[in-house]
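In listed order, ligands and their atoms are each counted from 1.
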Amino acid sequence: MQRLTYLLGPSLRARPVLRRLAQPASAGFFRAPISTHTVPTLKDPTLLKPFPFLDNEFLVPTASQSTFTVADPVSGQTIAQVPDQGVEDVRRAISSASTAFKSFRHTTARERANLLRRWNDLVLENKEDLATIITWENGKPIADARGEVSYAASFLEWFAEEAPRVYGDTIPAGVRANRIITQRQPIGVCGLITPWNFPAAMITRKVGPALAAGCTVVIKAPGETPLTSLALAELAKRAGIPPGVLNIVTTLENTPEVGREMCSNSTVKKISFTGSTPVGKLLMRQSADTLKKLSFELGGNAPFIVFDDADLDIAVAGAVISKFRSSGQTCVCANRIFVQEGVYDEFAERLSDKVKEFRVGSGYNTNTTHGPLIHPRAVKKVHDHVEDAREAGAEVLLGGKKMEHLGMNFYEPTILTGMKTEMRLYREETFGPVAALFPFKTEKEVVELANDTDVGLAAYFFSKDYSRIWRVAEALEVGMVGINTGLISDPAAPFGGVKQSGFGREGSKYGIDEYTVVKMMTFGGIGDLQE
Ligand code: SIN
């Protein structure tokens with residue numbers, strides 16, 4: 001207990017925590033209604049485990065080991081000090097996963113399905129606590145965090161259902177006396193590197209198919225949000241997932257060394273990574289010597305296109321969800337919003353009316369619609385994009401400022417009009433709450449603009465014209481297209497990109513392929529029926 005007190009920030013010890021934030025100096029149109037930031041008490045405090053997870057045990061470190069701080073993005077206060085593990089630790093985790101693989105690979109698909117199903121049930125039973133932890137370390141509003149827990153569980157449920165359906169083929173052989181079949185076997189130990197923007201769902205979207213296939217895993221938990229992954233690990237253990245099958249390494253400062261070891265260690269057969277394109281390229285280079293199977297879900301620069309013939313109510317609702325979900329911090333958030341000239345002004349005005357209704361503040365306030373960004377670096381990037389656009393002639397229709405009275409990580413939901421292609425935001429993903437509206441004239445022009453980027457994760461467009469819908473959907477160079485919707489996330493849908501947004505698909509019937517290898521068996525000497 002003493003050690004736990006050492007590792008957890010003061011806020012966990014106060015039940016419940018009440019921190020008074022400065023009142024805003026003057027009222028703005030989406031001024032946050034908050035004056036308090038209250039972290040609810042967990043129903044099951046044993047879910048908070050600020051320790052690495054190895055062989056189904058949480059490794060309580062000695063005080064002398066180095067730790068990193070997990071900070072509340074609303075208040076900046078310490079939530080926990082978590083061990084900053086290094087190369088030796090990740091090697092131990094890989095070795096543990098390797099030992100576990102020897103037996104786990106021989107479990108039946110039904111056994112693995114049952115484990116995943118029990119884990120899914122426990123995640124849903126503990127939804128409120130998991131949501132509380134997500135909001136605490138990530139900042140997203142509690143309703144969104146609850147939604148994320150359901151989303152996370154849905155991958156466990158989906159892959160529980162997929163596990164018994166990993167079929168092979170029988171293939172007509174080219175040689176008369178031969179018969180050919182295939183089996184899909186688990187690839188082995190997988191290294192999973194996940195981001196902070198979906199602290200739960202990005203874990204289950206990778207672990208679900210890995211375990212369903214019979215693989216074992218080492219997860220590098222996101223340094224900003226490790227506590228959600230560790231709570232999930234506790235629930236995995238309670239679900240009966242055997243020791244060594246799921247291991248979690250915690251690190252922030254040592255992330256580069258830990259990542260390099262995962263990629264270069266020959267025991268690891270596959271890396272799945274969600275994060276930025278530059279880091280994806282680095283991990284790919286580091287994986288080259290051991291020729292690992294890779295699946296990467298990397299950055300995007302999503303075009304969001306509103307044609308003159310769109311239903312503007314649907315398009316505005318789509319922009320609100322696609323642009324401002326998680327305060328703009330998802331890989332599939334709209335980045336460049338292209339609006340055809342005939343509806344440009346009306347769309348801008350209607351979007352502005354909706355965004356004015358946002359309530360920014362502590363995620364625990366039930367009337368908060370949008371929380372903080374993850375850290376000051378994120379705020380700086382958003383601010384830099386807005387200033388760059390402003391200096392190059394864009395008009396700030398709404399927002400455009402930091403909300404320092406709320407805390408260091410808040411930025412006003414912003415709408416920019418008169419955007420031009422030479423502005424930074426056209427080329428770079430903002431990853432923040434900035435809706436940047438670019439005007440366009442023709443379908444051909446906008447498809448060229450949409451495709452004028454090295455990346456291709458998601459795109460959205462809004463139109464009622466059946467023929468245009470086919471033409472544009474087929475012409476967009478992305479892995480995923482939302483047509484008349486701003487929300488495409490679904491465990492049934494294959495998630496992934498093209499170009500420098502990566503390769504491989506997560507979720508869906510394809511997701512499990514990333515964790516299997518096809519083995520072919522030829523049976524020879526069969527011949528004709530004997531007399
Ligand atoms: C992501 O941001 O990478 C995931 C978004 C989603 O699954 O909706």
**Q** Could you check whether Phe503 and Phe296 have their ring centres less than 6.0 Å apart?
**A**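 Yes.
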
**Q** Go ahead and list the nitrogen or oxygen contacts between ligand 1 and the protein that come in under 3.5 Å, distances to 0.1 Å, or just say none.
**A**
unit_1, atom_1, unit_2, atom_2, d
ligand 1, 2 (O), Asn197, ND2, 3.1
ligand 1, 2 (O), Cys331, N, 2.8
ligand 1, 3 (O), Glu297, OE1, 2.9
ligand 1, 7 (O), Tyr151, OH, 2.7
ligand 1, 7 (O), Arg205, NH1, 2.9
ligand 1, 8 (O), Arg325, NH1, 3.0
ligand 1, 8 (O), Arg325, NH2, 2.9
ligand 1, 8 (O), Ser489, OG, 2.4

**Q** Measure the acute angle between the ring planes of Phe461 and Phe307, then classify it against the limits of 30° and 60° as parallel, tilted or perpendicular.
**A**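 Ring orientation, 0 to 90° scale: perpendicular.
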
**Q** Looking at Glu514 and Arg505, is any side-chain nitrogen of the basic one under 4.0 Å from a carboxylate oxygen of the acidic one?
**A**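 No salt bridge links Arg505 with Glu514.
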
**Q** Under the side-chain contact (heavy atoms from CB on, under 4.5 Å) rule, collect the residues that match up with Val455, sequence neighbours excluded.
**A**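 For Val455, the residues satisfying side-chain contact (heavy atoms from CB on, under 4.5 Å) (neighbours in sequence not counted) are Thr277, Asn301, Thr453, Gln500, Ser501.
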
**Q** Is the NZ or CZ atom of Lys140 positioned over Phe198's six-membered ring, under 6.0 angstrom from the centre and within 45° of the axis?
**A**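 The answer is yes, since Lys140 meets both limits relative to Phe198.
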
**Q** Out of Thr225, Val82, Thr250, which residue meets the side-chain contact (heavy atoms from CB on, under 4.5 Å) rule with Val70?
**A**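 The residue from Thr225, Val82, Thr250 that satisfies side-chain contact (heavy atoms from CB on, under 4.5 Å) with Val70 turns out to be Val82.
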
